[in-house]
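One structure below.
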There are 2 protein chains.
Amino acid sequence: MMQLDDQAYARIAKYFQLLAEPMRLKILNGLRDGEKNVSELVALSGGTQANVSKHLTMLSAAKLIGRDARGTKAYYSIVDQQIFDLCGLVCGQLAIQMSMEAAANETFISAVQSNTNKQHEWETA
Amino acid sequence: MMQLDDQAYARIAKYFQLLAEPMRLKILNGLRDGEKNVSELVALSGGTQANVSKHLTMLSAAKLIGRDARGTKAYYSIVDQQIFDLCGLVCGQLAIQMSMEAAANETFISAVQSNTNKQHEWETA
DNA sequence: ATATTACATGAGTATATAGTTATATAAAAA
DNA sequence: TTTTTATATAACTATATACTCATGTAATAT
């Protein structure tokens, strides 16, 4: 079987690592409907300014989001909407797992579903 | 805008975290064409037995892979092939990024492409 | 029963990273 | 110019986690 080399695995892993952080997911989700500046994202996420700014710097360095400085504000925006497909797939996986766990935890599934119904967060298509 | 609650973000992040590790990606990719036992995965991945076993335990606990003990051997297998869609999307993203970086690093892109052509690793559809 | 094979796991270490606090920088307002 | 507003970043701490080495456990073979 053909193998990706170690550098390729490392790159893919690093990409997933960016998505492996709740605050970053929240920020990305906050950018779903268009650009926002740092203050808006701080308010939206409930994080501190310093922490949100750091996450934005990381996401920007990795080209997952773009940065546009206007005046004293910095507006960030999603570069490629396909990123939400990734989250949608994961939500789908988790929803399946949880439904198989026999509805002990209703909260998450209903969040995802109301989600899907309202064509809101993370849905795939 | 509707928000997923913090527990939901945490769950999604934890899922991505599982994919944010080169050795685990290698193992998952090694399981692409069917179940393998631990020794086979150790050989295939180049990792130590202890380390591979730990990663398998993690992936299994998260239900990304299944475990079937037969005799003294333990066979692991992918539970849902959709997981490769995730990796395919990321490969696609990275390939785009790298092609935009003007082909300085040809290795990775060509790996992903020969990949796509040969219908091998990580491709989406 | 003993040895061997295959796998899992505990202890310990090293590193990475998320978060906080304080400060730096830079544009705009006064 | 001085102040204020918006953002970035350095220093530090705490926690998580990947790895190694050693050992435990369980099924098979001798």
Side-chain angles (χ1 to χ4, degrees), chain A residues 6-31 34-77, chain B residues 6-31 34-77:
Chain A
D6 287 347
Q7 205 196 352
Y9 284 114
R11 271 197 179 250
I12 299 168
K14 275 206 172 290
Y15 192 100
F16 279 124
Q17 183 72 39
L18 287 167
L19 302 178
E21 224 290 319
M23 180 64 73
R24 281 195 293 273
L25 291 175
K26 213 175 200 175
I27 289 170
L28 290 170
N29 202 25
L31 294 175
E35 67 172 14
K36 287 193 174 59
N37 62 45
V38 180
S39 302
E40 290 172 323
L41 290 168
V42 168
L44 187 146
S45 69
T48 63
Q49 184 272 320
N51 197 31
V52 171
S53 184
K54 275 193 179 177
H55 285 305
L56 289 168
T57 300
M58 287 181 62
L59 292 169
S60 180
K63 307 280 174 65
L64 267 71
I65 61 178
R67 180 179 192 273
D68 183 27
R70 297 204 292 273
T72 71
K73 302 186 179 180
Y75 288 84
Y76 289 92
S77 57
Chain B
D6 287 345
Q7 204 195 354
Y9 284 115
R11 270 197 180 250
I12 299 168
K14 274 205 172 290
Y15 193 100
F16 279 123
Q17 183 73 38
L18 288 167
L19 302 177
E21 225 289 320
M23 180 64 73
R24 281 195 292 273
L25 292 175
K26 212 176 203 177
I27 289 170
L28 289 170
N29 202 24
L31 294 176
E35 66 172 13
K36 286 193 175 59
N37 62 45
V38 180
S39 301
E40 290 172 324
L41 290 168
V42 167
L44 187 146
S45 68
T48 63
Q49 184 270 320
N51 197 31
V52 171
S53 184
K54 278 193 179 175
H55 286 305
L56 288 169
T57 300
M58 287 181 61
L59 293 169
S60 180
K63 307 279 174 67
L64 267 70
I65 61 179
R67 180 179 193 273
D68 183 26
R70 296 204 292 273
T72 71
K73 302 185 179 179
Y75 288 85
Y76 287 92
S77 57

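Below, chains carry the letters A, B, ... as their sequence lines are ordered, and counting in each starts from 1. Please read all numbers here as calculations on a predicted model, not as lab measurements. The basis for the numbers below is simple: all heavy atoms, side chains too, and nothing from hydrogens, waters or symmetry mates.
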| field | From C/dA18, D/dA18, C/dT17, nucleotide with atom closest to A/Lys14 side chain | value | C/dT17

| said: Using OP1 and OP2 only, check whether a side-chain N or O of A/Ser39 sits under 4.0 Å from D/dT7. | reply: yes

| task | Taking side chain to side chain donor-acceptor pair (under 3.5 Å) as the test, write out the residues that go with B/Gln49, two or more places apart. | result | none

| task | Test B/Leu59 against every option in B/Arg24, B/Lys54, B/Glu21 by the side chain to side chain contact (heavy atoms under 4.5 Å, CB included) rule and name the one that passes. | result | B/Arg24

| query | Please give, in whole Å, the distance from D/dT17 P to B/Leu19 CG? | reply | 14 Å

| Can you tell if the side chain of A/Ile65 reaches within under 4.5 Å of the side chain of A/Ser60, non-hydrogen atoms only? | yes

Polar atoms only, N or O, under 3.5 Å: list the protein pairs with nucleotides 24-30 of chain D and their distances.
none

| Rounded interatomic separation in angstrom, taking CG from B/Leu18 and C1' from D/dT17 | 12 Å

| query | Considering only heavy atoms from C-beta outward, does the side chain of A/Leu64 approach that of A/Met58 to under 4.5 Å? | reply | no

| note | Between the OG atom in B/Ser45 and the CG atom in B/Asn29, the distance rounded to the nearest 0.5 Å is 12.0 Å

| request: Could you tell me the separation between the CE atom of B/Met58 and the P atom of C/dG10, rounded to a whole number of Å? | output: 15 Å

| said: Distance check needed: C/dA8 P versus B/Lys73 NZ, whole Å only. | reply: 13 Å

| Side-chain N,O (B/His55) to OP1/OP2 (D/dT17) below 4.0 Å | no

| With B/Ala61 via side-chain contact (heavy atoms from CB on, under 4.5 Å) - residues at least two apart | none

| task | Would you check, one step at a time, whether the test side-chain contact (heavy atoms from CB on, under 4.5 Å) holds for A/Phe16 with B/Leu18? | result | CA-CA 9 Å; A/Phe16 279 124; B/Leu18 288 167; over 6 Å; no

| message | Please enumerate all residues that pass side-chain contact (heavy atoms from CB on, under 4.5 Å) together with B/Ala43, with sequence neighbours excluded. | response | none

| query | For the pair made of CE in A/Met23 and C1' in C/dT20, what is the distance, rounded to whole Å? | reply | 13 Å

| query | Could you state the CD1-C1' distance from A/Ile27 to C/dA18, rounded to the nearest angstrom? | reply | 12 Å

| request: Grab the OH-C1' distance between A/Tyr75 and D/dT7 for me, whole Å please. | output: 12 Å

| Contact letters for nucleotides 8-16 of chain D, in which S counts primed atoms plus P, OP1 and OP2 and B counts the base, heavy atoms under 4.0 Å | BB-B-----

| said: Suppose we screen for side chain to side chain donor-acceptor pair (under 3.5 Å). Which residues come up paired with B/Tyr76, at least two apart in sequence or across chains? | reply: B/Arg67

